[in-house]
Amino acid sequence: MKTKPEQFKEIIKHRNDFPSLNKKVNGYPLAYLDGPGGSQVPTKVIEAISNYYKNSNANTHGYFITSIESDEMILQARRAAADFIGAENAECISFGANMTTLNFSLSKAIGRSLQKGEEIVITQLDHEANRGPWLNLREQGIVVREVLLKQDGTLDYFDFKEKINERTRLVAMGLSSNALGTVNNVKLVRQLTYEVGALLMVDAVHYAPHFSIDVKSLGVDFLICSAYKFYGPHVGILYSREGLLEQLQTDRLRTQDPKAPYRIETGTLNHAAIAGVKAAIEYISSFGEGNSFRSKLVDAMERINSYEHYLASTLYDELKKINGVKVFGQSFDDQLRAPTVSFTIAGIEPSEACKKFGEKGICVWDGNFYAIRAVEVLGLFEKGGLIRAGISLYNTIDEVHRLLAEVKSISKKKSK
């Protein structure tokens, strides 16, 4: 049964929280359907960043008030992030410049513990940030195996079983594809890694804005996400299972605290942005109800996901009805599908289509979105890749219809 839009009035009213939604181009209000590349930021997050600079700007571990306030803010941000992903405690949360930088640091540290001929498994579906750092370890004799992507946008789990063996030391995979919206079966892979004693590292950058995460339930060893995808600033967040980070030989100065979570944090962090991370997670919690911060976050993500699923499924279903349009990825019949819809229009390059959309104030992406291997496997790399629209909590059904109208217009012109 189709979800009714009137169920989501409470979410829709929060559009006023985002000042950027007031921007226009060529007389058209901007429709930010580019969330997978980075979400818009609510006023409360902007104010948190500004207020840090106004009131508490200092380096850490001093005995004066602004330094003490900075230490406390960063601790509270770690606690908020731990609640956001269901981590054991704040000591499991490390911050960095972005997901890619953190993953390069993690891969180098893990690589130091590996012997020539030992193996790592990656997938063809993943963002290059969770492929490139591991592929680099081939330089030291590590074997990196690649799990196949099927044409329906899902991973080949039979191939997964074939690629994992007694020499496997780590599997790196995504929770959800930023190109196709596929949600991967991490629990199955976790069981396969348990059988051979391998670590599991998960990229949750595309998953975190749309679903509640419970790292303890998933059983992951490492998980990385990025706050700028869930209404915050550009800060990478690394979860390391309790006690695991101290076992790694990370790149760090001898002056750096060797304990978790600091062990992998190089140099001075972006304190103001971390204040924004805390505010972004608190903002998400305001959409939910519960007796604890964690329960509010879980409830909030369920409500947000339900709304986003309604919009994205409408877009997916209607695109499939348009002549000349090919939609990629699984249908939305299953609730566990990220609200990202990628497609092509016959006779027009994705970049050219996106230019036309942009002139009408519709923000959508073209290309490979750094999931270049997946685009290659689908045979689309030489054709300019995909057109990608992503749904965030501030989007509306009217914006979906605006995009559909422009797709129909372009497709109709090209078919003549």
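Computed from a prediction, not measured in an experiment: that's the story for all the values here.
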Flag, side chain of [X] to backbone of [Y], donor-acceptor distance under 3.5 Å:
X	Y	value
Glu246	Ala260	yes
Ser56	Tyr52	no
Arg263	Leu248	yes
Ser392	Tyr394	no
Arg337	Ser313	no
Ser331	Asp333	yes
Ser226	Lys229	no
Thr182	Ser177	no
Ser240	Phe222	no
Asn368	Gly385	no

Could you tell me if Arg303 sits above the aromatic ring of Tyr307, with its cationic atom closer than 6.0 Å to the ring centre and no more than 45 degrees from the axis?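 Cation-pi check for Arg303 and Tyr307: fails.
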
Under a 3.5 Å threshold, yes or no: a donor from one side chain and an acceptor from the other, between Tyr239 and Glu88? yes

Ignoring hydrogens and angles, state whether a donor on the side chain of His127 or Asn130 is under 3.5 Å from an acceptor on the partner side chain. no

Around [X], counting heavy atoms of other residues, nucleotides and ligands shown, do more than 12 lie under 6.0 Å from its [atom1]?
X	atom1	result
Phe64	CZ	yes
Asn55	CG	yes
Phe343	CZ	yes
Lys216	NZ	yes
Gln249	CD	no

Mind listing the closest non-hydrogen atom pair of [X] and [Y] along with its distance?
X	Y	result
Ser94	Leu102	O-CD1, 4.5 Å
Gly384	Pro350	O-CG, 3.6 Å
Ala371	Asn178	CB-OD1, 3.6 Å
Arg294	Ser212	NH2-OG, 4.0 Å

Taking the side chain as every heavy atom from C-beta outward, state whether [X] and [Y] have any atom pair closer than 4.5 Å.
X	Y	answer
Trp134	Leu170	yes
Ser70	Asn59	no
Leu404	Val407	no
Thr340	Arg388	yes
Tyr194	Leu200	no
Glu69	Met73	no
Phe95	Ile237	yes
Leu393	Tyr231	yes

Sequence neighbours left out, what passes side chain to side chain contact (heavy atoms under 4.5 Å, CB included) with Lys321? Give chain and number order.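 Lys321: side chain to side chain contact (heavy atoms under 4.5 Å, CB included) contacts with Glu318.
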
Which pairs count as side chain to side chain donor-acceptor pair (under 3.5 Å) when at least one residue sits in residues 38-47, sequence neighbours excluded?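 For residues 38-47, and leaving out neighbouring residues, the side chain to side chain donor-acceptor pair (under 3.5 Å) pairs sorted by first residue read Ser20-Gln40.
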
I'd like to know if [X] pairs up with [Y] as an ion pair, taking the criterion as any Lys NZ or Arg NE/NH1/NH2 lying under 4.0 Å from an Asp or Glu carboxylate oxygen.
X	Y	result
Glu406	Lys356	no
Arg190	Asp221	yes
Lys150	Asp159	no
Glu146	Arg131	yes
Arg373	Glu376	yes

Gap separating the [atom1] atom of [X] from the [atom2] atom of [Y], nearest 0.5 angstrom:
X	Y	atom1	atom2	result
Ile164	Ile120	CD1	CD1	12.5 Å
Leu403	Ile362	CG	CD1	5.5 Å
Ser285	Ile281	OG	CD1	9.0 Å
Leu149	Asp126	CG	CG	10.0 Å
Met201	Ile110	CE	CD1	8.0 Å
Ser342	Phe369	OG	CZ	5.0 Å

Measure the acute angle between the ring planes of Phe287 and Tyr283, then classify it against the limits of 30° and 60° as parallel, tilted or perpendicular.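 If you compare the ring of Phe287 with that of Tyr283, the planes turn out perpendicular.
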
Check the angle between the aromatic planes of Phe230 and Phe84 and answer parallel, tilted or perpendicular using the 30° and 60° thresholds. tilted

Begin from the C-alpha positions of Asn26 and Glu359 and carry the test side chain to side chain donor-acceptor pair (under 3.5 Å) through to its verdict. CA-CA 7 Å; Asn26 298 328; Glu359 291 168 0; over 6 Å; no

Working note: His210 + His309, criterion side-chain contact (heavy atoms from CB on, under 4.5 Å); need CA distance, chi angles, decisive distance, verdict. CA-CA 9 Å; His210 310 298; His309 189 272; over 6 Å; no

Would you say the ring centers of Phe18 and Tyr32 fall short of 6.0 Å from each other?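 Distance test on ring centres: not under 6.0 Å, no.
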
Go through the steps for Thr154 and Asp152 under the test side chain to side chain donor-acceptor pair (under 3.5 Å), then give the verdict. CA-CA 6 Å; Thr154 63; Asp152 67 357; 2.6 Å; yes

Before you tell me yes or no, could you show the steps for Asp156 and Lys163 under salt bridge (Lys or Arg N to Asp or Glu O under 4.0 Å), namely the whole-Å CA-CA distance, both residues' side-chain angles and the distance that decides it to 0.1 Å? CA-CA 11 Å; Asp156 185 336; Lys163 295 287 169 60; over 6 Å; no

